[in-house]
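Worksheet for the structure shown next.
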Amino acid sequence: MKTFLPTLLPILFVLLFFNSCTSNVKEEIPCTAPEINAMVEKGRAIIAKKGNKDIWNLRTLTGAVVIHEAAFSTKGKKEYLAVCEGKAGGSAGSANHLLMKIVCDEEAENGWDVAWSAQGSPIEKKSIVDVNGDGISELILEGGSTWMGECSDYYQIISLSGKTKKTIYENYPFSRIGCGGLAEAMEFQKGDTLSAIYGVKFKDESLIETVEYQLYNGGHTDEDIDNQSQRVTITKQLQFTNGVYKETK
């Protein structure tokens, strides 16, 4: 009777060797979002610690949290953005949330850590965008407030690839009319800027910025000032260069 044992021995040896090698390879632990209660507790500790220049008057967190998954640091690496509802001072406007970039860290307590945190407005999924097509998501921050009769907004695109944010584009819309009726008591000079309204569109690796300026041209009431004002629109094309958007020549 013919035996196949000599032929099978080399194959068995290779299989055993391969199995011994792969068994020594450390299996990567899946990166999962931490529990809501644990994140809220961590967030409250961050607020209480003080010293974070991006958190100015956020007082506490309510416990309501929205979690977004994205790759903020490395292409294909799973990370999370926790958006925690809170309570802040009146001057914060819509910036009454704590934003936290969550990363997996086997050496940290519970296997995760907060790599970045800031006070900000609520973040929707549509505000997490890969603006330059490199596979890493950027974060669009928007918000505003009204103070002393002036509406002030902000629009920022930031990179969270490191432990601190990097602003790659920003603009600050504002309006001095229609925000409390105080325009009637102000002494405008002809040509003074009453408002600046920004529009932003992405085209490949370019950013098209449109600004509509409203200039004072007479009037004493809000309605008259608005009707008589001169409007000027300026459009710029900004190119993504060295990690920021710059105007092309």
Side-chain angles (χ1 to χ4, degrees), residues 52-58 81 83 86 88-99 101 116-124 126-129 131-132 137-162 164-183 185-203 205-217 222 225-226 229-249:
N52 186 334
K53 65 179 182 180
D54 290 325
I55 302 174
W56 59 96
N57 68 354
L58 190 61
L81 179 73
V83 184
S91 62
S94 59
N96 55 359
H97 285 63
L98 179 66
L99 314 178
K101 172 188 169 183
W116 170 85
S117 60
Q119 180 175 342
S121 299
I123 300 292
E124 298 181 12
K126 65 180 181 180
S127 296
I128 302 174
V129 185
V131 298
N132 60 347
S137 294
E138 284 76 36
L139 187 60
I140 298 176
L141 303 178
E142 296 182 83
S145 61
T146 302
W147 186 253
M148 299 297 289
E150 180 174 326
C151 300
S152 299
D153 298 328
Y154 64 86
Y155 179 99
Q156 294 179 318
I157 304 175
I158 65 172
S159 168
L160 297 179
S161 58
T164 59
K165 73 174 184 180
K166 178 182 179 181
T167 302
I168 62 177
Y169 171 81
E170 60 187 342
N171 67 55
Y172 295 93
F174 69 91
S175 178
R176 296 190 174 102
I177 60 174
C179 297
L182 296 182
M186 298 182 69
E187 295 183 0
F188 293 117
Q189 301 296 320
K190 191 170 183 177
D192 284 350
T193 303
L194 300 172
S195 66
I197 307 301
Y198 288 76
V200 174
K201 291 183 180 180
F202 297 101
K203 182 180 179 182
E205 292 189 10
S206 297
L207 183 151
I208 310 300
E209 176 191 84
T210 303
V211 191
E212 182 182 282
Y213 294 99
Q214 192 172 3
L215 309 179
Y216 179 73
N217 196 37
D222 273 12
I225 292 172
D226 185 43
S229 63
Q230 179 185 3
R231 288 173 169 80
V232 178
T233 301
I234 297 177
T235 300
K236 297 179 182 179
Q237 180 170 338
L238 310 180
Q239 193 70 28
F240 193 73
T241 307
N242 296 327
V244 297
Y245 280 102
K246 295 182 178 180
E247 186 176 1
T248 57
K249 302 298 182 180

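Excluded from the calculations below are hydrogen atoms, water molecules and symmetry mates; all remaining heavy atoms, backbone and side chain alike, are included. Residues: numbered from 1 along the sequence shown.
Every residue two or more places apart in sequence or in another chain that forms a side chain to side chain donor-acceptor pair (under 3.5 Å) with K101 is listed here: S73. Residues passing the ring pair (Phe, Tyr, Trp, His ring centres under 6.0 Å) test with Y169, sequence neighbours excluded: none. In this structure D192 satisfies the salt bridge (charged side-chain N to carboxylate O under 4.0 Å, His left out) test with no other residue, sequence neighbours excluded.
Across all non-hydrogen atoms, the minimal contact from V83 to P122 is CG1-CA, 4.2 Å. Considering every non-hydrogen atom in both S229 and L194, the closest pair reads CB-CD1, 3.9 Å. Among all heavy-atom pairs drawn from F240 and I168, the shortest one is CE1-CD1, 3.9 Å. Considering every non-hydrogen atom in both G144 and D153, the closest pair reads CA-OD1, 3.3 Å. The two residues S121 and G143 make their nearest non-hydrogen contact at OG-CA, 3.5 Å. For the pair A118 and D54, the tightest heavy-atom approach, listed with the atom from each and the gap, is CB-CB, 3.6 Å.
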- Can Y172 and E170 be said to form a side-chain hydrogen bond (donor to acceptor under 3.5 Å, both in side chains), step by step? CA-CA 7 Å; Y172 295 93; E170 60 187 342; 2.7 Å; yes

- Message: Please determine whether side-chain hydrogen bond (donor to acceptor under 3.5 Å, both in side chains) holds for the pair N171 and Q156, giving the CA-CA distance in whole Å, both sets of side-chain angles, and the decisive distance to 0.1 Å.
- Response: CA-CA 7 Å; N171 67 55; Q156 294 179 318; over 6 Å; no

- Task: Take S175 and S195 through the test side-chain hydrogen bond (donor to acceptor under 3.5 Å, both in side chains) and record every step on the way to the result.
- Result: CA-CA 4 Å; S175 178; S195 66; 4.7 Å; no

- Item | Step-by-step side chain to side chain contact (heavy atoms under 4.5 Å, CB included) determination, I177 to Q214 | CA-CA 10 Å; I177 60 174; Q214 192 172 3; 3.7 Å; yes

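Contact annotation: the side chain of F202 never approaches that of V129 to less than 4.5 Å [non-hydrogen atoms, C-beta and beyond]. Using a 4.5 Å heavy-atom threshold, the side chains of V244 and K246 count as touching. Counting heavy atoms from C-beta outward, I158 and W116 have side chains that approach closer than 4.5 Å. Contact check for L207 versus I157: side-chain heavy atoms found under the 4.5 Å cut-off. When side chains are defined from C-beta on, T235 counts as touching I208, because their heavy atoms get closer than 4.5 Å. Side chains of V131 and Y245 form a contact here, defined as non-hydrogen atoms less than 4.5 Å apart. For the pair L81/I123, a side-chain contact is recorded, criterion being any heavy-atom separation below 4.5 Å from C-beta on. Looking at Q239 and Q237, their side chains come closer than 4.5 Å, going by heavy atoms from C-beta outward.
The line from CD of Q189 to OH of Y216 is 8.5 Å long, rounded to the nearest 0.5 Å. Taken from OG in S206 to CG in N132, the straight-line distance is 11.5 Å, to the nearest 0.5 Å. Rounding to the nearest 0.5 angstrom, the gap separating the CD atom in E205 from the OG1 atom in T241 is 9.0 Å. Here OG of S94 is found 5.0 Å from OH of Y154. Values are rounded to the nearest 0.5 Å. Here the OG1-NZ distance, from T210 to K236, works out to 11.0 Å after rounding to the nearest 0.5 Å.
The backbone N or O of W56 lies less than 3.5 Å from a partner atom in the side chain of Q119, making a donor-acceptor pair. Side-chain atoms of N96 do not come within 3.5 Å of backbone N or O of L58 as any donor-acceptor pair. Without hydrogens or angle criteria, Q230 side chain to N217 main chain gives no donor-acceptor distance under 3.5 Å.
E124 CD: 12 or fewer foreign heavy atoms inside a 6.0 Å radius.
Using a 4.0 Å cut-off between charged side-chain N and carboxylate O, D226 and R231 make a salt bridge.
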